[in-house]
There are 2 protein chains.
Amino acid sequence: MRTEPRSPIADLNARAKIRDAAVVHFARDGFRKANLRAIAATAGVSAGLVIHHFGSKDALRLACDDHVLGSVLARARDKATPEGLASVLQNYLADPAEFQVQIDYLSRAIAEDSPAGRQVVDAIVDETEAVVRAGAFDGSMNAFSDPRAVAVLITMTSLSMMTMASHVGRALGFDGPNLSPAAMRRMALPSAELYTHGLYADDTVLRVTTDALAGSDATTPPNHPTQTQLIRKATT
Amino acid sequence: MRTEPRSPIADLNARAKIRDAAVVHFARDGFRKANLRAIAATAGVSAGLVIHHFGSKDALRLACDDHVLGSVLARARDKATPEGLASVLQNYLADPAEFQVQIDYLSRAIAEDSPAGRQVVDAIVDETEAVVRAGAFDGSMNAFSDPRAVAVLITMTSLSMMTMASHVGRALGFDGPNLSPAAMRRMALPSAELYTHGLYADDTVLRVTTDALAGSDATTPPNHPTQTQLIRKATT
DNA sequence: CAGTATGCTAAACCGTTGTTCAACCGGGGT
DNA sequence: ACCCCGGTTGAACAACGGTTTAGCATACTG
């Protein structure tokens, strides 16, 4: 995956400076809004040099993807955290100032559905699934009919705290584009409560859902009217 | 909020056609990638006419925001569904072909953090919070220490099924940018299970979280190291 | 030392795109 | 019939931005 030049010492040169500047700009403005001249200015070089080193803006994005992804995955491996959610949140909170850029970059990548975004999401879902299965096995977590889907659900919930950080913050009365530590702290207890006791006090919703799913399983064309009733019942 | 011209009959003219075409393009390509000439072509008019009617691309976006938001909120009011999550999902599944564009448009608006996006999110969070409070009151739902934060959590989870639809689908083995009915169906039961029984089999995580929050409450500067330990403990 | 590769810049190129402008056209009022 | 006015167009304008190119300096090589 690494595509760096031969020597790791030579990596601290213009090419690396451009790449780091690009990561900042892509994270802050998104891929399309970010422009090469601004990136070059941040890196202290000319626009032409960016192309000279990376070939094109798209290739530059790939190099950034590669770099951020490698860095984050390496850190995740180092800490050897069992749960994807925990791993992400840990990196986020360990040193907000240092990792904010990478977090923002990956949030953008996920929101814009870039290759790097797909990779992180898949990695986190896989790891979360493993945790869910292990938890069910050792009894620390409930057994689910579809661990994969549960992993997806949990992953999306935690990722949404980053991709929709501004919405979360605003809904809680904070402002600023990133999720402040105070906002994160406020979400911690409710998450634990929800993941411990659930939302519903009894299992009526669950029973209605299973019934509806079983009833409409293959008896109707797989995409039209019964879905509506199912969800209506399941969430009322 | 409505800014339509006086007569609803005259609304079916070029101005409306442009607006509808713009909604499609903004939904499919995002605001920045969408361009006026393509929008004009879809509407069957010239690029100049778009400016003549709306003044600028930004103003056109506002008009689209206005239109989609009004349409969706009106429909939500009609159905009078108690729960924001349910209301959104219902519209989504009632007739995917018809509402897909509006759903996509709002997903974009939320992901790109546009004014319209903020408005829908806030509306859904508010309504969800009301449902959570009512549920706790009538005993159908568990009581939470922070209903607002729970509402945010639930809202983000359901919204992530739209803003990150491609990731959800891919993680489940489907493809395509939108969440297929089959994928939605597969998520239904796990959601019900998670919201009924929770994720954890006992309350150790919850207790650890409350302890950690209480312990670090005001004893340390509000944004640095203890947060890390808190989350590490809470999710391991 | 000559020559050649390498890192780099400045300027130009050129397609895209939001916006402006002058003209046109059909219809209603005088 | 004339005028005028709103809707509409096509061309032109101007800015932006990715990419190309020519050139320059420095360093390494024969």
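Per chain, numbering begins at 1; letters A, B, ... match sequence-line order.
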Study note, to complete from the structure: With the side chain defined as heavy atoms from C-beta on, A:Arg37 is closest, among D:dT8, C:dA12, C:dT17, to C:dA12

Practice item. Identify the two heavy atoms, one from B:Leu69 and one from B:Ala116, that lie closest to each other, and give their separation to 0.1 Å. Key: CD1-O, 3.9 Å

**Study point:** Whole angstrom value for the distance that separates P of C:dC8 from CG of A:Leu36
**Key:** 16 Å

Practice item. Of all the heavy-atom pairs spanning A:Lys57 and A:Arg32, show the shortest one and how long it is. Key: NZ-O, 3.5 Å

Revision key, fill the gap. For A:Ser166, the side-chain hydrogen bond (donor to acceptor under 3.5 Å, both in side chains) test, sequence neighbours excluded, returns B:Asp113

Study note, to complete from the structure: What residues 49-59 of chain B contributes to the DNA chain D interface at heavy-atom separation below 4.0 Å is B:Leu49, B:His52, B:His53

Practice item. Strictly below 4.0 Å, heavy-atom distances to any atom of DNA chain D: list the hits from residues 20-35 of chain B, or just say none. Key: none

Review point. Please give, in whole Å, the distance from C:dG18 P to B:Ile39 CD1?
Key: 8 Å

Review point. Which residue, A:Asn178, A:Val168, A:Ile103, forms the side chain to side chain contact (heavy atoms under 4.5 Å, CB included) with A:Met162?
Key: A:Ile103

Exercise for review: Applying side-chain contact (heavy atoms from CB on, under 4.5 Å), name anything that partners A:Arg148, two or more places apart in sequence or on another chain.
Suggested key: A:Val125, A:Asp126, A:Glu129, A:Asp146, B:Ala171, B:Leu172, B:Arg186

Exercise for review: Any salt bridge (charged side-chain N to carboxylate O under 4.0 Å, His left out) involving residues 163-173 of chain B? Give me the pairs, sequence neighbours left out, ordered by first then second residue.
Suggested key: A:Asp122-B:Arg170

Check your understanding: Between B:Leu60 (CG) and C:dG18 (C1'), how many Å, whole number?
Key -> 12 Å

Point to revise | Those residues that, when tested against B:Ser107, pass side-chain hydrogen bond (donor to acceptor under 3.5 Å, both in side chains) (two or more places apart) | key: none

**Study point:** CZ on B:Phe26 to CZ on B:Arg19, rounded to 0.5 Å
**Key:** 12.5 Å

